[in-house]
Amino acid sequence: MSIYDTLNDRQQEAVFYTEGPLLILAGAGSGKTRVLTHRIAWLIDQIGVNPWNILAITFTNKAAGEMRERVDQIVGFGSESIWVSTFHSMCVRILRRYIDRLGYDTNFTIYDADDQKTLIKDVCKYLQIDTKMFKERSLLSAISSAKDELVTPEEMTLRAEGDWAKKKIAQVYTEYEKQLKANNALDFDDLLLKTVQLLQTQPDVLEYYQERFRYIMVDEYQDTNTVQFKLVSLLAGKYQNLCVVGDDDQSIYKFRGANIMNILNFEKEYPNAKVIKLEQNYRSTSTILNAANEVIRHNTGRKEKSLWTENGEGEKIQFRQFDSAYDEADYIVSDIKDKVNSGKREYKDFAILYRTNAQSRIFEEKMVVSNVPYKIVGGVNFYARREIKDLLAYLKTVDNGKDDLAVRRIINVPKRGIGLTTIGRVQDYATEREISFYEAILAAGSVPGIGRALGKIESFAALIEHFKAEGERMSVAELMDEIIDATGYVEELQADSDEEAESRLENIEELRNKIVAYEESCEAEDEKSTLSGFLEQVALVADIDSLDEETDYVVLMTLHSAKGLEFPHVYLAGLEDGIFPSYMTITADDPAELEEERRLCYVGITRAKENLTLTCARRRMVHGETQYNKMSRFLKEIPLSLLSTGALFKKEQTEEEPKVSAYRQAKQAFATKAFAATKPAQQFTVTKGKGPGYDVGDRVRHIKFGEGLVTQITEGGRDYEVTVDFDTAGTKKMFAMFAKLQKID
DNA sequence: TTGTCTGCATTTTTT
DNA sequence: ATGCAGACAA
């Protein structure tokens with residue numbers, strides 16, 4: 001009896017088919033990770049492939065670690081020399097070795113979203129771009145998609161010919177690139193793009209990696225974008241032993257440039273590709289699986305497949321609608337508590353999934369109050385916190401003096417009396433001479449107009465030089481301590497006794513732990529721990545990587561983060577039109593966006609193994625205002641026969657609304673299903689309470705237009721449109737939400 | 001130069 | 001509700 005006997009026929013076929021391109025269409029819960037690990041084992045064990053020649057690309061570091069571990073368990077040796085990593089960390093590894101060929105230093109810095117924003121602001125200021133017209137956000141996303149599509153600044157400039165707005169964007173892109181290079185920095189997209197450029201321009205490097213990676217596997221292939229596709233094709237170009245695993249129904253990263261065509265057209269790209277479908281689900285009960293199938297059925301243009309399972313029917317899916325988001329959170333948390341207290345489950349069996357990170361807060365509050373251990377994945381990244389970024393900026397400055405952003409960040413943190421004017425002068429001097437900001441600092445004596453700040457700058461330069469010298473002989477942790485000590489960063493926080501300062505100190509302590517952990521892990525692998533190495537690790541960790549299956553806590557995260565995970569009991573919260581599917585996708589004119597939301601819903605449902613609870617609230621606070629939402633359209637796509645709406649629950653007595661039971665509400669919602677498609681969802685937002693707080697015939701005051709008479713109120717979209725006859729300003733139509741009209745008695 | 005105030009926009013999802 | 005940029009005073 002071999003380990004491969006435990007696989008089903010299809011899975012075996014996928015494992016044994018080792019030569020040439022292979023597309024595995026793996027439905028949710030069909031055991032694709034098992035297939036991949038067994039395939040690697042098979043390659044090593046039976047085909048005699050050197051582990052060194054295998055590359056497996058996963059979506060997260062966590063998945064990579066798990067895969068390595070599982071291969072290790074099967075094969076027992078050699079797994080450490082397999083390359084298992086994410087696209088990004090693989091690229092960094094390659095670039096650290098060869099990027100000098102593209103004119104960068106190999107100790108380049110990686111810019112995160114925050115740094116990108118700072119840089120783009122600088123660029124806009126420098127180019128005198130009107131950021132009212134060109135939002136930094138959209139500029140960045142334009143640049144990002146250009147990089148995803150392998151479009152260089154030169155190309156974009158050419159394409160923009162004759163279009164003023166496009167030319168502006170191209171100009172920004174060009175300058176942004178220039179500055180990145182001057183700072184010896186790469187952004188996330190660059191990691192992929194530069195690697196592709198490297199392989200395209202350096203035949204010997206390409207040859208080396210093609211030879212090295214004779215067998216390539218890519219997980220979550222449906223979420224790859226054009227650069228990633230290109231990268232994989234380059235690497236697999238010689239041996240063509242490329243195995244990709246994916247599920248078009250789980251493609252949820254289009255907004256990040258993921259190109260679903262990569263999977264749909266795999267057979268066109270590789271005409272001799274073998275296609276294997278894995279359709280047996282081992283994860284969920286048939287009830288859950290049916291619900292998922294029913295929902296995803298509403299999408300068009302998918303690869304036909306039908307998931308089935310031998311698992312039992314299991315329990316019905318629970319559905320609950322609540323008056324408010326508070327009630328919703330209350331119910332879920334106490335439901336979890338009940339089930340744990342009755343000994344049926346442990347905390348770690350539960351996951352609460354939601355559409356947006358903002359929804360986590362309310363659950364967190366309830367968890368704290370109820371004393372339920374929990375872990376929130378995502379949200380504000382640990383490394384994005386101010387104190388962490390500050391200290392990292394010191395490390396970056398020591399590591400890569402060209403990183404102007406880092407130097408400018410810390411030159412006056414903690415306060416040294418170096419102000420904006422001084423920084424501006426130094427920057428001008430640096431720009432003029434085309435030297436880095438830090439070089440200008442070192443030459444501060446010759447910068448004009450510095451005046452009495454000179455001494456302060458010189459002592460700052462001396463401080464950094466001191467760190468650089470010390471860094472040569474110190475470990476990263478020691479250097480960090482020295483920085484904390486010499487700058488008085490912690491001291492300053494300690495003097496501050498409020499709660500925020502306290503949590504900052506804790507974070508700094510946590511950072512120190514992470515540095516020590518990094519150094520220990522290097523030691524374990526017999527590698528030298530370096531400052532660059534640590535900074536790189538920091539840049540590429542996702543929050544999900546810190547998820548630990550062993551710890552007994554409830555996990556809270558977005559649906560996106562939940563991809564690839566499974567839990568015995570899943571709560572899908574906030575199933576309301578406007579939340580999920582999000583308001584953006586409902587109002588977008590592209591139906592494809594709604595389909596992506598539906599796939600997200602499919603992903604969410606299929607995370608559940610045994611129990612699934614769907615909840616929504618009639619009323620919830622969003623951005624400081626109360627929103628009234630209809631239940632999600634996706635709910636209506638689940639057959640009523642799979643649902644249980646459970647016992648009735650308390651309604652708030654203060655509300656004047658008709659008292660309809662949850663069950664009736666649900667029933668009504670399903671009954672109107674046929675009409676729902678043609679009628680727009682009725683939802684609206686008001687600043688407080690119900691209605692705009694005034695009526696036709698009332699006198700109101702507007703902050704700018706003065707007093708006037710309300711002549712008409714019409715309900716439109718998510719707001720009221722109010723027509724007011726102003727005494728002095730004439731008749732205006734405006735939305736109640738924005739106008740903030742005040743009734744005059 | 002620093003701190004505070006005010007008005008303004010912002011809100012999907014992430015390696 | 002929160003966070004940021006710009007204005008202005010200390």
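Computed from a prediction, not measured in an experiment: that's the story for all the values here. So that the names make sense, note that chain A is the first sequence line, chain B the second, and so on, each numbered from 1.
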Give A:Lys135 one of three labels, base, sugar-phosphate or nothing, depending on what nucleic acid heavy atoms sit under 4.0 Å from its own. sugar-phosphate
Among the nucleotides B:dT12, B:dT1, B:dT14, which one has an atom lying closest to any side-chain atom of A:Thr356? B:dT12
For B:dT15, is there a stacking contact with A:Phe188, counting only centres under 5.5 Å and planes under 30°? yes
Within the 4.0 Å heavy-atom criterion, would you say A:Asp543 contacts the bases, only the backbone, or no part of the nucleic acid? nothing
Would you mind reading off the distance between A:Arg599 atom CZ and B:dT13 atom P, rounded to a whole angstrom? 18 Å
When rounded to whole Å, the OH to P distance for the pair A:Tyr383 and B:dT15 reads 13 Å
How many whole angstroms separate atom CZ of A:Phe229 from atom C1' of B:dT15? 20 Å
Base of B:dT14 and ring of A:Tyr253 stacked, centres under 5.5 Å, planes under 30°: no
If I take atom CD in residue A:Gln627 and atom C1' in nucleotide C:dA1, what distance separates them, rounded to the nearest angstrom? 14 Å
Checking contacts here: which listed nucleotide (B:dT11, C:dT2, B:dT13) is nearest the side-chain heavy atoms of A:His560? B:dT13
Whole-Å gap separating C1' (B:dT15) and CD1 (A:Ile544): 12 Å
Does a salt bridge link A:Arg355 with A:Glu597, judged by any charged N lying under 4.0 Å from a carboxylate O? yes
Rounded interatomic separation in angstrom, taking CZ from A:Arg386 and C1' from C:dC4: 13 Å
Of A:Ser89 and A:Ser582, whose nearest nucleotide on DNA chain B comes first from the 5' end? A:Ser582
A:Ser561, nearest nucleotide to its side chain (from B:dT2, B:dT14, C:dA1): B:dT14
Whichever of A:Leu600 and A:Ile423 has the more 5' nearest nucleotide on DNA chain B, that residue is A:Ile423
Determine the interplanar angle of the A:Phe363 and A:Tyr354 rings, folded into 0 to 90°, and report it as parallel if under 30°, tilted if 30 to 60°, perpendicular if over 60°. parallel
From the list B:dT15, B:dT12, C:dA1, which nucleotide is the closest neighbour of the side chain of A:Met584? B:dT12
Please check the phosphate of B:dT12 (OP1 and OP2 only) for any side-chain N or O of A:Thr558 closer than 4.0 Å. no
It should be established whether A:Arg137 places a side-chain nitrogen or oxygen under 4.0 Å from OP1 or OP2 of nucleotide B:dT11. yes
In A:Asn259, A:Leu192, A:Val196, A:Leu231, the residue satisfying side-chain contact (heavy atoms from CB on, under 4.5 Å) with A:Thr226 is A:Asn259
Heavy-atom closest pair (A:Val92 atom, A:Ile110 atom, distance to 0.1 Å) is CG2-CD1, 3.9 Å
Atom-pair distance (CZ on A:Phe87; C1' on B:dT15), nearest Å: 11 Å
Could you tell me whether the phosphate oxygens of B:dT14, OP1 or OP2, come under 4.0 Å of any side-chain nitrogen or oxygen in A:Asn357? yes
Salt bridge A:Asp323-A:Arg618, side-chain N to carboxylate O under 4.0 Å: yes
Under 4.0 Å, heavy atoms only, any strand: does A:Asn412 hit a base, just the sugar-phosphate, or nothing? sugar-phosphate
Taking atom types as modelled and ignoring hydrogens, do the side chains of A:Asn183 and A:Tyr111 form a donor-acceptor contact shorter than 3.5 angstrom? yes
Under-4.0 Å side-chain N/O to phosphate OP1/OP2 contact, A:Thr422 with B:dT1: yes
Go through C:dA1, B:dT14, B:dT12 for me and flag the one nearest to the A:Phe255 side chain. B:dT14
When all nucleic acid strands are considered with a 4.0 Å heavy-atom cut-off, which category describes A:Lys121: base, sugar-phosphate, or nothing? sugar-phosphate
Atom-to-atom span, CG of A:Leu594 to P of B:dT12 - whole angstrom: 16 Å
Nearest listed nucleotide, side chain of A:Glu597, among B:dT12, B:dT2, B:dT15: B:dT12
